Amino acid sequence: MRNLRNLLFYILTIGGFAALIFGIIQWGKPLEASKVTTVIKPEVTASTWQQFTETYYHNLTHPLAILLLQIVTIIVVARIFGFFCRKIGQPSVIGEIAAGIFLGPSFIGMYFPDFTHFVFPDKSMDNLKFLSQIGLILFMFVVGMELELKTLKNKANDAVVISHASIIFPFTLGVGLAYLLYSEFAPANINFLSFALFIGISMSITAFPVLARIVQERGLTKTRLGSIVITCAAADDITAWCILAAVIAIVKAGSVLSAIYIIIMAVAYVFVMLKIVQPFLKRLGDKHSNKESLSKPVVAIFFITLLVSAFATEVIGIHALFGAFLAGVIMPSNMNFRTIFIEKIEDVAILLLLPLFFVFTGLRTQIGLLDDWHLWTIALLIIAVATVGKFVGSAFAAKFVGQSWRDSLIIGALMNTRGLMELIVLNIGYDLGVLSDEIFAMLVIMALVTTFMTGPFLDLINKFIPEKKTAEEIQDSQKLSTKYSILLSFGSPERGRTLLRLANSLIRKSPENANITALHVSLSNDLNQFNAEQYERESFAPITEESNKLHQPVVTLFKPTVDIDKEITDTSNTGNFDLLLIGIGSSVFEGSLLGRILGFTTKLINPERLYETITGKEPLFENTVFDERTRQLIKNAKLPVGIVIDKELDKVENVFLPIFSIHDSFLLVYAQKLIHHSDARVTIIDSSGIVKTHPELKESIRMIEQVAPNHISLQTEPRLDKEFMHQQDLMLISHDSWKKAVETQSLWLTNTPSVLILKP
């Protein structure tokens with residue numbers, strides 16, 4: 001009755017007001033007479049379809065539509081290039097820079113000019129430039145917040161020596177290089193001082209954000225060496241940006257004397273920010289250091305501080321990016337506050353707006369201008385000067401202050417990383433007219449090469465000068481090698497809880513002779529030095545809770561990386577582990593129309609999968625098919641691997657073990673562990689008669705039964721129905737048998753409990 005009344009009210013309301021609107025429109029038509037003027041209408045010859053296409057084309061080429069199309073194109077291409085760079089062990093920023101060059105005149109513009117003219121028309125470049133500048137302002141704000149001035153003060157002695165040596169040495173070489181390049185490559189009307197200063201500063205930059213992520217990926221964050229490198233990079237950033245501000249002032253003023261007024265205003269601005277604005281922001285940040293109290297009006301105050309600071313430095317004449325950087329530096333040092341605020345900005349700044357800057361830089365970079373060996377020789381000379389200056393200057397300074405040769409070389413390799421920060425400097429120089437098109441292209445290539453070589457440099461250092469282990473570390477390693485060690489690698493924290501529960505059931509009664517290590521690997525691009533520790537705590541919280549509940553000690557291992565698959569494989573292969581446990585993930589598209597489309601597309605580009613589909617050999621049970629990561633781990637791991645399909649595994653009391661081949665006999669070792677440590681009751685399913693035809697297998701089962709009576713049984717004619725499956729907690733099965741069961745579309749698979757698939 002109520003639904004009928006609501007429906008009647010809805011019909012009367014919509015119908016009544018629709019009639020009223022229609023009546024008002026009809027009554028208003030006579031009013032048109034006072035507005036009519038005589039207009040000579042041109043003869044309409046276009047068809048309705050032509051009118052539609054013209055309207056559609058007009059909408060498609062509207063500046064807003066073009067900008068949105070540019071953003072989508074840039075983000076997609078940047079993520080693809082970033083993905084491939086992560087796969088080869090490089091920071092994704094290299095891929096994003098390469099994506100910009102790819103979309104620019106050096107490739108797409110050269111081979112597909114119509115596409116470039118449509119997506120990146122000349123008249124749209126100003127919109128793209130200013131939007132990318134907003135992204136840079138937000139990014140530099142985040143960079144400033146990621147610097148910890150307290151750390152810098154505590155470790156200033158060694159760090160300042162190394163940092164300043166790593167600036168002055170390449171800066172001097174850069175000025176010398178400018179002497180060789182000025183006559184041929186400096187733009188007209190640019191004096192030697194401006195050109196030399198910009199070449200010098202471009203040789204001296206270190207990319208703090210990229211370096212910090214490489215330090216995370218290499219597992220150096222909590223080491224003494226990692227702390228020194230981060231501190232050096234922070235000191236380098238602050239010093240380099242101060243020098244850059246002075247250089248910009250000199251270039252804009254035309255001489256050192258004329259720039260003194262700009263520098264005086266800049267110093268006064270810094271004084272006001274540090275002595276007046278920072279204390280106020282500190283009190284505000286201490287009061288609002290959690291998400292609940294950090295309200296929109298409070299957030300607005302910090303954003304206004306950022307924008308006013310950027311505006312002030314732009315007006316003073318030292319570029320808006322310096323103001324954004326300093327605004328980040330003076331933000332409250334409260335770690336909770338900085339973590340929350342960085343998370344608010346980082347995704348928009350780095351994922352949405354920053355790729356626009358890479359592509360905008362790529363659209364300016366004309367590698368095609370380097371069309372002879374002479375120009376490429378100059379480009380190689382620039383790369384050599386930049387590498388020698390930064391690497392040698394940092395390494396020798398580190399050795400001088402007491403670092404080992406190994407650590408000194410690592411510091412030199414890391415400080416040679418330039419990345420995005422170099423591009424920012426180069427674009428400033430290009431906008432000021434100091435850098436010509438050819439020099440700009442050469443320096444962009446230098447930024448790419450020096451960032452790319454960081455990883456290989458570190459690998460070579462580790463190969464030829466391996467880290468020496470202390471006697472205590474060697475002793476601990478020997479102790480671990482005598483124990484039965486399980487490594488469980490989890491993505492979802494709750495899945496980690498299940499893996500720990502299962503691992504515990506294999507070693508519960510021998511804590512002194514066994515150990516468990518929980519590994520969580522995360523993409524380093526999703527982390528910064530402020531949220532990394534909090535993310536680590538949250539990721540291991542369920543593991544810690546479960547370990548306390550089970551009274552099972554667990555070693556936790558957190559590793560940021562650019563390649564999750566490789567990191568898991570390397571850790572398992574080099575860690576003296578006896579078993580790797582992983583869980584199977586499910587796609588976010590599973591069961592949806594998009595998921596079916598993506599699945600069909602995968603089959604089209606995979607001949608083997610397409611053949612299986614056509615011939616009807618494709619697995620019936622989609623949730624039993626391993627994803628690509630699982631397949632790669634199984635293929636590359638040099639130790640036994642257990643793949644867990646979790647169906648709310650709570651306990652391990654009733655286990656069944658199907659045997660389809662004599663090669664499945666290794667499963668009895670794990671069955672014996674479950675019986676001994678968890679008092680599990682194991683049912684052997686021998687529907688193929690394998691046990692009967694292999695006496696040694698039957699003898700192994702009998703020996704287990706003698707040790708643990710009534711805990712193991714053999715069934716030759718099993719009843720694998722829902723009732724039996726419902727009584728079981730876990731199924732143990734070999735990897736080969738699982739594949740065969742899936743391929744033959746065995747119907748009993750649909751009713752299985754949680755499954756542990758083991759590959760020896």
Side-chain angles (χ1 to χ4, degrees), residues 1-77 79 103 112-135 137-138 295-301 303-304 307 311 344-345 347-349 351-353 355-356 359-360 588-589 591-598 600-601:
M1 187 65 183
R2 183 177 179 182
N3 291 340
L4 182 61
R5 185 181 63 183
N6 291 345
L7 178 62
L8 182 61
F9 173 79
Y10 177 80
I11 293 172
L12 291 175
T13 301
I14 299 300
F17 280 100
L20 181 59
I21 292 169
F22 179 78
I24 294 172
I25 292 173
Q26 295 300 316
W27 297 331
K29 282 187 177 181
L31 301 177
E32 296 175 3
S34 62
K35 300 291 183 182
V36 174
T37 57
T38 304
V39 178
I40 300 175
K41 295 183 179 180
E43 184 177 353
V44 179
T45 57
S47 65
T48 303
W49 175 251
Q50 288 175 320
Q51 291 176 348
F52 169 76
T53 54
E54 288 175 3
T55 302
Y56 179 75
Y57 183 78
H58 172 75
N59 294 340
L60 190 60
T61 55
H62 188 276
L64 179 59
I66 288 293
L67 181 61
L68 294 174
L69 179 62
Q70 289 172 344
I71 293 172
V72 171
T73 304
I74 289 168
I75 291 175
V76 170
V77 175
R79 298 307 289 176
L103 288 172
F112 306 97
D114 292 340
F115 176 85
T116 299
H117 292 152
F118 179 76
V119 180
F120 300 104
D122 293 338
K123 61 183 180 181
S124 73
M125 287 298 98
D126 285 342
N127 294 336
L128 192 61
K129 176 182 177 180
F130 289 121
L131 193 57
S132 70
Q133 289 295 313
I134 296 296
I137 286 172
L138 292 174
S295 60
K296 286 182 173 58
V298 176
V299 172
I301 292 174
F303 272 116
I304 290 171
L307 297 174
F311 170 77
K344 283 180 177 290
I345 300 173
D347 286 346
V348 174
L351 296 182
L352 182 63
L353 298 179
L356 307 186
V359 172
F360 183 72
V588 295
F589 304 113
S592 66
L593 175 61
L594 180 57
R596 288 191 288 273
I597 293 172
L598 291 174
F600 182 70
T601 305

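What you see is a predicted model; the values in this text were computed from it and never measured. All heavy atoms count here, side chains included; hydrogens, waters and symmetry mates do not.
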query = Nearest 0.5 Å, what's the CG-CD distance between Leu128 and Gln133?
reply = 10.5 Å
request  = Return the minimal non-hydrogen interatomic distance between Pro121 and Ile66, and the atom names on each side.
outcome  = CD-CG2, 4.1 Å
request  = Measure the spacing between OG of Ser124 and CG of Leu64 and express it to the nearest 0.5 Å.
outcome  = 12.0 Å
request  = Can you spot which of Thr13, Ile14, Leu12, Asn6 makes a side chain to side chain contact (heavy atoms under 4.5 Å, CB included) with Tyr10?
outcome  = Ile14
message = Quick check: closest heavy atoms across Ala65 and Leu60, and the distance to 0.1 Å?
response = CB-O, 3.6 Å
message = Distance check, rounded to the nearest 0.5 Å: Ile345 atom CD1 versus Ile137 atom CD1?
response = 12.0 Å
task = Please lay out, stage by stage, how Val119 and Phe112 fare under the test side-chain contact (heavy atoms from CB on, under 4.5 Å).
result = CA-CA 11 Å; Val119 180; Phe112 306 97; over 6 Å; no
Heavy-atom side-chain contact between Leu4 and Leu8 under 4.5 Å = no
query = Could you give the distance from CG (Leu68) to OG1 (Thr73), rounded to the nearest 0.5 Å?
reply = 10.5 Å
message = Counting neighbours of CG on Asn59 that are heavy atoms of other residues, nucleotides or ligands and sit closer than 6.0 Å, is the number greater than 12?
response = yes
message = The test is side-chain contact (heavy atoms from CB on, under 4.5 Å); show your working for Leu131 and Phe360 and say whether it passes.
response = CA-CA 10 Å; Leu131 193 57; Phe360 183 72; over 6 Å; no
message = So which atom in Gly135 and which in Ala349 form the shortest heavy-atom distance, rounded to 0.1 Å?
response = O-CB, 4.4 Å
message = Could you go through Phe130 and Leu356, starting from their C-alpha distance and side-chain angles, then the distance that decides it, and tell me whether this counts as side-chain contact (heavy atoms from CB on, under 4.5 Å)?
response = CA-CA 10 Å; Phe130 289 121; Leu356 307 186; over 6 Å; no
From CG (Leu103) to CD1 (Ile74), nearest 0.5 Å = 7.0 Å
message = Just checking Phe311: does its CZ atom have more than 12 heavy atoms from other residues, nucleotides or ligands closer to it than 6.0 angstrom?
response = no
request  = Take Val77 and Val359 through the side-chain contact (heavy atoms from CB on, under 4.5 Å) test and state the conclusion after the steps.
outcome  = CA-CA 10 Å; Val77 175; Val359 172; over 6 Å; no
